[in-house]
Amino acid sequence: MKTTPTEQALRLGSKVVYQIYIKSFQDTTGNGMGDLRGITTRLDYLADLGVDYLWITPFFPSPQNDNGYDVSDYCAIEPIYGTMEDFDELSREARARGIGLMLDMVFNHTSTEHEWFKKALSGDPKYLAYYKFVDAEPGATPANPGKPPTNWESKFGGNAWEYVPSLNKWYLHLFDVTQADLNWDNPEVRKELSEVLRFWRGKGVNAFRFDVVNLISKPAVLEDDYEGDGRRFYSDGPHIHEYLQELVRLGDIDGLMTVGEMSSTSLESCIGYSNPANHELSMVFNFHHLKVDYPGGEKWALAEPDIVGLRNLFGTWQERMTAGGGWNALFWSNHDQPRPNSRFCDTDHYWYESSTMLGLCTHLMRGTPYIYQGEELGQTITDYTSIDQYRDVESLNYYRILQERGYTPEEAFAIVHARSRDDGRTPMAWDASEHAGFTHGTPWLRLVGNYPTINAAAEMEDPHSVRSFFKRLIGIRKAEEVIQRGDVRFLDVPSDKVIAYERTLGDTRVVVQCNFSGDEQPALATEGSEVLVSNYEDESAGVLRPWEGTARIWR
Ligand code: TEU
């Protein structure tokens, strides 16, 4: 079946996805970690918000070294998160409310606790061929294993290869040492993974998110990278489109709602992944816009965000993905990113304006918006004061690595504080009671101290809250075809702190203007229009006020 670009927009452009980081969403057992039943108890809250799909981060058996992104069995439930019956109940109850579940498939790697890896470690050739094992250098011994196969760096710090003395081989791990990369060049691996999709399909699952899926196709020749950390060799790798098409075909998921997480990707590749004619994925996450505050591309250093760069990235991706028939996932936030209101705006002085302007900025673009739990409440980054309050493996590694690079403990802490993945992973703030209604036990990760005011219960009652604003944004997407499928064009603006774009469909035109500063900025003329949505109550011609986000419509 051929899908035309308009059908694509009709199918995807009216949907909104809500991301649940299960460990931090709602605990029902008192173990301090969220669980599947916790999600079920909060379905009415999510239905009220108006979202269509819940992307739930991995809840499969896992040693939890990377909070579930180290999967040891793809077709079962991790006991801390519940049982298969809990999953079935959640699935049923969600469907009864018109909400679909989007499962998170971590197919680039497995946990080293997975059966397949254990069999590989025992020397079974079938399973050795499931992973990226490479013989040690000639003459290598366990006491002196020599150099790793390449100088590639793990995304969590250190070399990406681990030596196994009993085998005299190295295996590749682009992430933690307990996350071994699968060998997608092996057709049996590809078949196994498509069976996983069929298993969950059989349980009625109709949406999937694929973790770092553009890293699955490694180059045939392994070589050192003298220009970078190795990513240019394996990102959007040689057989990536072929493998994705096969996975979609064998897993029988063509036409379902799917999104691929694309690490250090290119626009051309993303058109390929998401153009319906290719039968790969519905849409893509790319992260270029979330690096505008990385000086020289370095995550572990601090800088002010480059708003002109941000505008150019949004503009290029919006316009060129549209022209190429691709489709964008729209997002600021997920479980790997610090909360964007704290990161890009000023939550000390303009918390409401900051949190709502960001939402308005992406929700009216062309694509499918994603809301990360707590974003709709304006939750902020942590107020942690000490490294032992952090849990994330990457944060703890880099706290050490930064000091090895010569930073003082205080400097290293300041960087981790601003950059940690735990900044977005603190428990969901449900109400003002102890532990914010998240757990009766001890939360696995400390809550942010502002939850007595920033929480769901308080914001549900207030028609002017951040949550009410997000609910309105979702309502506008549902109501306005111009937002669902209109064309998009970025506009020239007389300020380097403003991002503006227009959406058009027939005679309808929407102009969105966002002020990324705490100062007044000049606004574009908008005669003859009316306000579609704004984070300021009254109108003010000619200027954008601090952190103002306003959309105006001509009908
Ligand atoms: O993330 C992939 C990824 O590239 C980023 O998380 C990156 O590692 C991070 O920003 C480093 O600065 C996905 C998942 O979202 C993440 O939670 C997992 O840890 C990772 O894959 C491995 O599965």
Side-chain angles (χ1 to χ4, degrees), residues 17 19-24 55-60 62-72 74 102-114 117 152-158 160 172-182 193 208-216 228-232 234-237 259-265 284-295 297-302 329 331-340 343 370 372-373 390-399 401-402 415-416 418-425 445:
V17 184
Q19 183 193 349
I20 291 181
Y21 194 64
I22 185 168
K23 201 169 215 165
S24 294
W55 154 23
I56 309 174
T57 56
F59 47 78
F60 316 108
S62 158
Q64 301 288 316
N65 291 329
D66 189 21
N67 286 346
Y69 284 90
D70 45 331
V71 178
S72 56
Y74 289 109
M102 174 184 270
L103 264 55
D104 201 331
M105 298 287 112
V106 190
F107 283 173
N108 176 68
H109 43 265
T110 74
S111 163
T112 50
E113 293 296 311
H114 196 289
F117 195 81
W152 300 355
E153 274 170 45
S154 152
K155 310 255 181 201
F156 293 162
L172 179 66
H173 62 91
L174 293 182
F175 293 88
D176 187 54
V177 61
T178 64
Q179 291 166 300
D181 282 59
L182 284 162
L193 298 173
F208 294 96
R209 179 241 185 206
F210 292 95
D211 190 59
V212 289
V213 74
N214 69 322
L215 308 186
I216 58 177
D229 61 7
R231 69 182 66 190
R232 67 198 172 101
Y234 57 71
S235 308
D236 304 322
V259 57
E261 186 199 29
M262 304 304 175
S263 173
S264 299
T265 189
V284 288
F285 290 115
N286 87 78
F287 295 89
H288 296 287
H289 65 295
L290 295 177
K291 297 181 180 172
V292 294
D293 56 353
Y294 290 6
E298 173 58 44
K299 171 171 175 170
W300 301 98
L302 303 180
F331 73 107
W332 289 109
S333 208
N334 66 28
H335 63 291
D336 296 330
Q337 299 291 330
R339 298 277 181 186
R343 176 176 174 186
Y370 284 64
Y372 175 61
Q373 66 183 50
Y390 291 84
R391 295 288 170 269
D392 174 32
V393 53
E394 184 196 46
S395 308
L396 300 174
N397 283 352
Y398 271 95
Y399 180 65
I401 291 169
L402 286 168
I415 295 174
V416 169
R419 290 284 188 240
S420 174
R421 302 195 299 177
D422 284 342
D423 278 333
R425 295 179 176 184
L445 183 68

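Counting starts at 1 for both ligands and their atoms, following the listed order.
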Among residues at least two apart in sequence or on other chains, which ones pass ring-ring contact (aromatic ring centres under 6.0 Å, His included) with Phe287?
Phe331
With side chains defined as the heavy atoms from C-beta onward, is the minimum distance between Leu103 and Arg209 less than 4.5 Å?
no
For Gln337, state whether at least one heavy atom is located under 4.0 Å from any atom of ligand 1.
no
Which residue and heavy atom of the protein sit nearest atom 2 (C) of ligand 1, plus the separation
Val212 CG1, 3.1 Å
Atoms of ligand 1 close to His335 [distance to a heavy atom under 4.0 angstrom, numbered from 1]:
14 (C), 15 (O), 16 (C), 17 (O)
Considering heavy atoms of the protein only, find what lies nearest to atom 13 (C) of ligand 1 and give residue, atom and distance to 0.1 Å.
Asp211 OD1, 2.9 Å
Any chance the side chains of Asn65 and Thr178 put a donor and an acceptor closer than 3.5 Å?
yes
How are the rings of Trp300 and Tyr398 set relative to one another: parallel (under 30°), tilted (30 to 60°) or perpendicular (over 60°)?
parallel
Which ligand 1 atoms does Arg421 reach within 4.0 Å, using its non-hydrogen atoms?
6 (O), 16 (C), 17 (O), 18 (C), 19 (O)
Minimum side-chain heavy-atom gap Thr265-His288 below 4.5 Å:
yes
Which bit of Arg425 gets closer than 4.0 Å to ligand 1, counting heavy atoms only: side chain, backbone, both or neither?
side chain
If you measure from each non-hydrogen atom of Phe156 to ligand 1, which part falls under 4.0 Å: side chain, backbone, both or neither?
side chain
Do Gln337 and Arg343 have a side chain donor and acceptor closer than 3.5 Å?
yes
As an exercise, identify every atom of ligand 1 less than 4.0 angstrom from a heavy atom of Lys299.
9 (C), 10 (O), 11 (C), 12 (O)
With the threshold set at under 4.0 angstrom, would you say Arg209 reaches ligand 1 through any of its heavy atoms?
yes
Can you find a heavy atom in the side chain of His109 that is under 4.5 Å from one in the side chain of Asp66?
no
Would you mind listing which atoms of ligand 1 come within a distance below 4.0 Å of any non-hydrogen atom of His109?
22 (C), 23 (O)
Non-neighbouring partners of Ser264 that pass side chain to side chain donor-acceptor pair (under 3.5 Å), sequence neighbours left out
Arg231
Which segment of Glu261 sits under 4.0 Å of ligand 1 when only heavy atoms are counted
side chain
Structural part of Met262 in contact with ligand 1, heavy atom criterion under 4.0 angstrom
neither
Can you name the atoms of ligand 1, numbered from 1 with element, that are less than 4.0 Å from a heavy atom of Asp336?
1 (O), 5 (C), 6 (O), 13 (C), 14 (C), 15 (O), 16 (C), 17 (O)
If you scan protein heavy atoms around atom 9 (C) of ligand 1, the nearest is Glu394 OE2, 3.7 Å
I'd like to check Asn214 versus Ser235 (side-chain heavy atoms, cut-off strictly below 4.5 Å). Are they in contact?
yes
With the threshold set at 4.0 Å, does a side-chain nitrogen-carboxylate oxygen contact exist between Arg425 and Asp336?
yes
Is atom 7 (C) of ligand 1 less than 4.0 angstrom from at least one protein heavy atom?
no
Of all protein heavy atoms, the one nearest atom 19 (O) of ligand 1 is Asp66 OD2, 2.4 Å
